[in-house]
Amino acid sequence: MSGGIVIAGMGPGDPAQVPPVLMKILQEVDRIFLRTERHPAVSALKEGGFKWQTFDALYEHARNFDELYRQIASVVIQEASNLRVAYVVPGHPMVAEKSVTLILESARQAGIDTRVVPAMSCLDALYATLKLDPTLGLTVVDALTLNVDGLDPGLGLIITQVYSQQVASDTKLTLMELYPDEYPVTVVRGAGLPEGERVEIVPLYALDRLPWIDHLTSVYLPPFIKGRERTLAGLKEIMARLRGKEGCPWDREQDHHSLKRYLVEETYEVLEAIEAADMHKLCEELGDLLLQIVFHARLAEERGDFTLADCLETICTKMRRRHPHVFGTISVNTSGEVLARWDKIKMAEKQKDGLKTPSLLSVPRGLPALLKALKVQEQAARVGFDWEDAAGVWSKVEEELEELREAAKGAGAAERTAELGDVLFALVNLARWLGVEPEEALQASVARFMERFQYFEEKARQKGLELEKLSLAEMDNLWEEAKKVKENKG
C-alpha cells in the first residue's frame, strides 16, 4: 500500500486470539501506532519483533478524553499523509473506540485511504463469560458517556471502560438514579483471559469498592423490569395494556373528546400543587398530567394519526427552531429580544403552513379570559403597541370605570356587559404593568375570601347564630374579626 491507514484490533486480551492477518499487516506498513500497550495481547506483537509508538503518555497530560482522542487522530492522520500507517487498538476497532471514529472522519476529509480489520471484541468475550445472547435485548454503553436518559432497564445493560475505582464510583452514582442501591451487578475483569479473568457479583452500592478494577473491567446489570416504571417507555406499556383487549373497560371507551375535562382538571391540580409549594404533591400531579398526554398519544397511534415519538420529535424540533440563539448563531441579550424573535419565528411557521397573513395575536380559544387578555396584551406590546408609562394605564382604568358607571345608570344588558369587560381588560393591563399575574391575584383573593367567610361561619355556629338572621352590621363585625385573625396568622 502507498500511504494510508490500516485500523486493526488485537482482540479482547488473550494473545492467542490476536488475528493472524494483523501480524501480516504489521510486516507491510511503515509505522505502527498502538493506542495503548497496557493490554495483554500486546505480548503477541512483542514476540513478533515489531516496533511501535504508543499514546500512553498522552493519557497523563490531556485535559479530558475528547482532547486525548483528537490528539491521537491528528498524529495518525499527519503520518498517514505519506506513510503506510497501522493504528492498532484493543478488542474490535469499531467497538467503543472514539479515536477510531475520529481517524476515519479525518481521513475521509483528507482523502486518505483507510481499511478496518476486524477482531474479536471485548463484548464477544463478555457474552461468553456471562452466557448472554445479545439478540434477546441488550444495551451497551461506555462508562465515560453513561447517562440514564433513554436507558431501558427492562433490557440487560453492559457498561464498558470501567477502568478505575473513580469511574466505577461515577458509574454507580449514575445508575442509582434508575436502579435500587442493592441491585446485583456483575463485574468482569479480563473477560476471556485464560489466566486473569475475574467475575464477581456485588450490590450496586459496592461497585466502586473492588480494589482489582482496571482497564480490562466491564459491568453487567441484568434486566430490571420494575425499573421501566421510571421511564416513559414503562408508562406507554401500561397505557397500551389498559387500552388492549384484556384491558380496562373505562379506558377502552375513551376518546380525545371524552378526555378533555380530565386534561383540564389535571392541569389545575398541578397549578394547585405549585401554589401550595408541595413538591411531593407536584411530583404526583405532574405524573397524572403526563398520563393524559400519553393517553391522547395512544389514541392517536391506534388510529394511525401519530405516535408519542412523533410528539417528542415535533417539540424537540420546534424548541431548536425557536431558540436559534441557543442552537444556532443568532445573538440576543434580553428575554424581551427572545420573545420578539419567538413571535417572528411563529409567524414564519404559520406562513409556511399556508396562512398568508397570520396575525401576531395567537391564543387558544379555550384559555381562561384573564389569561387570554394578558397574553394578547403581551403580544401586542412586543411590537410596540403599548402605553408609554404606567400613568396612561391608570388613566385608562379610571376612564373605563367612569363609562361603566354611566352604563349602570340605565343602559341595556349588552352595553353594561361590554363596559364591564372593558374595565376587566384595563385591569389586566394594569396588572401586567405592575408585574402581577391577574389570574393568580384573583385566585388568591378568592381563596382569602373563602377562608374568612368560613371562619365567620364557624364563629356564628359556635355562638348559636344563624347566618340568615344576622344583621349586616353583625356580619361586618364577624368579617373584621376574621380578617384580623387570618392576618395575624399570615
Side-chain angles (χ1 to χ4, degrees), residues 12-13 38-40 59 64-66 90-91 95-96 98 121-134 136-193 195-238 278-284 286-287 290:
R38 293 183 60 210
H39 194 263
Y59 283 82
N64 51 57
F65 282 97
D66 188 59
V95 176
K98 178 67 178 296
S121 75
C122 64
L123 294 179
D124 296 313
L126 281 168
Y127 298 154
T129 296
L130 298 169
K131 298 178 176 59
L132 291 177
D133 179 357
L136 298 179
L138 185 67
T139 303
V140 180
V141 297
D142 187 322
L144 303 180
T145 58
L146 176 63
N147 190 314
V148 296
D149 292 341
L151 282 184
D152 183 350
L155 301 177
L157 172 64
I158 286 179
I159 306 168
T160 63
Q161 306 243 54
V162 186
Y163 64 83
S164 70
Q165 286 180 292
Q166 180 59 56
V167 174
S169 177
D170 294 340
T171 299
K172 172 186 76 174
L173 294 175
T174 300
L175 292 174
M176 282 179 173
E177 298 177 30
L178 194 57
Y179 296 82
D181 295 357
E182 299 277 350
Y183 200 69
V185 301
T186 304
V187 186
V188 182
R189 180 207 172 275
L193 288 177
E195 298 178 6
E197 180 180 88
R198 185 165 183 174
V199 181
E200 188 168 337
I201 299 176
V202 299
L204 178 57
Y205 71 81
L207 176 59
D208 54 350
R209 301 179 187 178
L210 301 175
W212 45 265
I213 287 176
D214 66 10
H215 60 289
L216 297 177
T217 304
S218 298
V219 173
Y220 171 69
L221 285 80
F224 178 45
I225 302 301
K226 186 173 176 55
R228 275 194 167 165
E229 295 181 5
R230 293 182 64 87
T231 69
L232 201 54
L235 183 56
K236 280 183 60 182
E237 192 174 282
I238 289 173
D278 186 337
M279 293 300 103
H280 176 76
K281 188 67 173 176
L282 179 59
C283 175
E284 179 184 348
L286 285 173
L290 181 58

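Every heavy atom of this structure was used, including side-chain atoms; hydrogens, water molecules and symmetry mates were not.
- The nearest pair of heavy atoms linking P12 to C122 is CB-CA, 3.9 Å.
- With a 4.5 Å cut-off on side-chain heavy atoms, V188 and L130 count as touching.
- In this structure, T145 OG1 and F65 CZ are separated by 11.5 Å, a value rounded to the nearest 0.5 Å.
- Taking the six-membered ring where tryptophan is involved, the planes of F224 and Y183 are tilted, since the angle between them lies from 30° to 60°.
- With a 4.5 Å cut-off on side-chain heavy atoms, V140 and P134 do not count as touching.
- Using a 4.5 Å heavy-atom threshold, the side chains of T174 and N147 count as separate.
- Using a 4.5 Å heavy-atom threshold, the side chains of L193 and R198 count as separate.
- Considering all non-hydrogen atoms of both residues, T231 and P153 come closest at CG2-CD, 3.7 Å.
- Between the CD atom in Q165 and the CG atom in L207 there is a gap of 9.5 Å [rounded to 0.5 Å].
- Taking the side chain as every heavy atom from C-beta outward, L126 and Y220 never approach each other to under 4.5 Å.
- A donor-acceptor pair under 3.5 Å is absent between the side-chain atoms of D170 and the main chain of V167, judged by distance alone.
- L151 is listed as a side-chain neighbour of V141, based on a closest heavy-atom distance under 4.5 Å.
- No side-chain heavy atom of V185 sits under 4.5 Å from any side-chain heavy atom of I159.
- R189 CZ to E200 CD: the interatomic distance, rounded to the nearest 0.5 Å, is 13.0 Å.
- Residues A125 and A191 approach most closely at CB-O, 3.5 Å, considering heavy atoms.
- Between the OG atom of S218 and the CD atom of Q161 there is a distance of 8.0 Å, given to the nearest 0.5 Å.
- The line from CD1 of I213 to OG of S164 is 8.0 Å long, rounded to the nearest 0.5 Å.
- Under the rule for a salt bridge (charged side-chain N to carboxylate O under 4.0 Å, His left out), the partners of R228 that lie at least two apart in sequence or sit in another chain are D152, E237.
- Within the 4.5 Å cutoff, the side chain of L157 has heavy atoms near those of the T139 side chain.
- To the nearest 0.5 Å, atoms CG (L204) and CG (D181) are separated by 6.5 Å.
- For E195, there are no side chain to side chain donor-acceptor pair (under 3.5 Å) partners two or more places apart in sequence or in a different chain.
- Scanning both residues, P222 and P184, for their nearest heavy atoms gives CD-O, 3.5 Å.
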L132/I158 under side-chain contact (heavy atoms from CB on, under 4.5 Å): CA gap, chis, key distance, verdict
CA-CA 11 Å; L132 291 177; I158 286 179; 4.2 Å; yes
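- When the salt bridge (charged side-chain N to carboxylate O under 4.0 Å, His left out) test is applied to K172, the partners found at least two apart in sequence or on another chain are D208.
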